Structure formats: structure tokens, C-alpha cells
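First up is the structure itself, then whatever we jot down about it.
Just so you know, these numbers come straight off a predicted model, no measurement behind them. For this chain, numbers begin at 1 and follow the sequence in order.
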Amino acid sequence: MREAHAEDARSQARRLIRDLLGEDRPTAARLLDQARAVLGGDRTERAAGLAREAPLTRRSSELAAVAALHVGTADLGGEWWTRSRGGKQPPPDEVLATAMAVEPWSDLTVLEMLAAWISDDVADVLWGPPTGSADLNSWQAEDRVEVPEDARAGDRLVVAFDAGGRLDAVVVDRRDGLPGSNLDFGSLRYSRPAEAQWSWGVAAGLGPHPLPGETPDPYAEPVDSAVSAALRDWAVRHGATGEIAGPAWDVRGDVVAAVERVDWMWRSAEWFAWWRVASALIDGDEEHLTARLADLASAP
């Protein structure tokens, strides 16, 4: 059942990214070629550099953010990059060049921050600025946002719940005579940049994602054979077939590809310990590798 859900998600992502970028099996090289035509050479090279500097376990997420910026720029035009926001937010070009943190996205990487920014801006153009926001980790529908004084029963208010994500709150009359609201979960929607970010990341997966002109190739770097063998053996003992596990994992790219085939997130909870070891091995995180191996050894 979990494997079916994983394949459903990938199929949906491929359909979306095909509609948005014309690619259902996207690659880094193709994405950067397409982005260059819309973002320009300088911005694309800066974005590629940031993706190159990221840990290999983060590269797919950084490239997915480039997909959002590509689609969002096509929607809003290149002037989006040069416009400041009333002195409170610098132009996105300055953020890309200096890697400065911008609220409310300062906990994200530079590319993820810009992707969230352009996803929200496209959403605002499509549906208007949101009245408020709601955390959809709670599915309580009633009175999640403040209702404006001039609102009337039946009015629909735009509510933000994620970068580029919006849904409506329907104004209702409460028994005490004051207006309230009910979230309409059926109205949930995302802007095109947000859809591009999600769909590129899911359709492309963890990788490997070699970048054009990248020398040396980080995916060709050897890994500790004892650790990779232990990881592979654990995966096979816990349900991964020999075909999925593949041959011996000799280099970082082998481990990345195996993680992608295993679909560990759709398996049982103990696989999280396996992922922690795999991610440390892929990223060369020697500081935490020993401790994470011990955690894996104690997993069921």
C-alpha cells in the first residue's frame, strides 16, 4: 500500500511538471537550460552555484526551488527581481547576490526563500492578499481567522496556509450574533511556482543530479565500504529486494540512487534511522556517522 502511494505521488508530480515545464522526468541540466532563458544567465549561474554548494542530500530541494523561480518569473516577469517592497524587503536580485535572510522566510535556504517569496507573490496576484493564515496541521474548520468588520455571511476570505498555498474561509453568522468563519478545505489550491517546486522535487527525486561542468564529480567520491555494506544489508533484511538494493554501493552516487529506489519514507518507522546513516554517508558527515550507526544497530 505504501509503495502504491509513493508511485501515485510520483505520477502526479510527473503530470504537473510536464504541464509546467514540459518534462515528466526532469534533470538538472534541462532545468538550468530552461531557467537560463527566463531568469537570465547571471541569475541562473548564481542559483546553480548555490545548488552546487549544498549538501548532496539537499541538492534536489535546491533545484526544485529553481523550478519555482523559473515558473514564477515566467508568470510575473523579470521586474519581480528588481523591485523592492517599500523599504521593508530588498529586491530579490540583492537577496540572491548577497544571501541575506529575509523575513518571514529566514529559516530557509536562499533559493527556498526566494521560491517561497515568488510563490506567495503569484498567489496574491491570482487570489488577492490573504486575510489571515492557518496552520493546516490542525483540520479544525471553525473560526481560524479574524473576520473583517464589514464582512457578511456568505463572503469568502482568502487564507494562506503555506508558501503559495491558499484556501477560502466562508463567513457565517454565529448564534451570538457575531460573524464567524468556516474553512472550505475543498477550495485548497497552490500557485504555479509552488506546484513546480513540489512536483520537480518529487518527480526528480534525491538524484543523483550532476550539474553541468561540475568537476570533480561529487557523486563519484568513494564512500566507506564497511558502512555502505552495513546499510545495504540492513535494507535487504528489512524488506528491500536485491534488485532494489542493487550492486555494492562504492561511491556517493550509488548510495543516493539506492536511497531513491528504496523509498524509505514510505516504509516503517525504523527506516528513519537507516536514512540518518545514509544521509551522513552521502554528505560525508563523519562527525555524526558513528552515532547514527549505533542508532541503526539498536533499531528493530
For residues 42-71, the ring pair (Phe, Tyr, Trp, His ring centres under 6.0 Å) pairs (sequence neighbours left out) are none
Residues pairing under ring pair (Phe, Tyr, Trp, His ring centres under 6.0 Å) where one sits in residues 154-181, two or more places apart or in two chains, turn out to be Phe161-Tyr190
Who pairs with [X] by side chain to side chain contact (heavy atoms under 4.5 Å, CB included), at least two apart in sequence or on another chain?
X      : result
Thr27  : Ala29, Arg30
Thr82  : Arg43, Glu79, Asp93
Ser279 : Thr57, Trp275, Arg292
Ala229 : none

Please tabulate, for side-chain N and O atoms in residues 111-120, each donor-acceptor pair with protein atoms closer than 3.5 Å (sequence neighbours left out).
{"residue": "Glu112", "atom": "OE1", "partner": "Arg58", "partner atom": "NH2", "Å": "3.2"}
{"residue": "Glu112", "atom": "OE1", "partner": "Thr109", "partner atom": "N", "Å": "3.2"}
{"residue": "Glu112", "atom": "OE1", "partner": "Thr109", "partner atom": "OG1", "Å": "3.2"}
{"residue": "Glu112", "atom": "OE2", "partner": "Arg58", "partner atom": "NH2", "Å": "2.2"}
{"residue": "Trp117", "atom": "NE1", "partner": "Asp121", "partner atom": "OD2", "Å": "3.4"}
{"residue": "Ser119", "atom": "OG", "partner": "Ala115", "partner atom": "O", "Å": "2.8"}
{"residue": "Ser119", "atom": "OG", "partner": "Ala194", "partner atom": "N", "Å": "3.3"}
{"residue": "Asp120", "atom": "OD1", "partner": "Gly164", "partner atom": "N", "Å": "2.9"}
{"residue": "Asp120", "atom": "OD1", "partner": "Arg166", "partner atom": "NH1", "Å": "3.2"}
{"residue": "Asp120", "atom": "OD1", "partner": "Arg166", "partner atom": "NH2", "Å": "3.1"}

Quick one: side chains of residues 195-203, donor-acceptor pairs under 3.5 Å with protein atoms, not counting sequence neighbours, listed by atom name and distance.
{"residue": "Ser199", "atom": "OG", "partner": "Glu195", "partner atom": "O", "Å": "2.7"}
{"residue": "Ser199", "atom": "OG", "partner": "Ala196", "partner atom": "O", "Å": "3.4"}

Residues at least two apart in sequence or cross-chain that pass ring-ring contact (aromatic ring centres under 6.0 Å, His included) with His238, listed by chain then number, are Trp234
Sorted by chain and number, sequence neighbours left out, ring-ring contact (aromatic ring centres under 6.0 Å, His included) with Phe272 holds for none
Residues at least two apart in sequence or cross-chain that pass salt bridge (charged side-chain N to carboxylate O under 4.0 Å, His left out) with Glu221, listed by chain then number, are Arg252
Residues at least two apart in sequence or cross-chain that pass salt bridge (charged side-chain N to carboxylate O under 4.0 Å, His left out) with Arg189, listed by chain then number, are Asp168
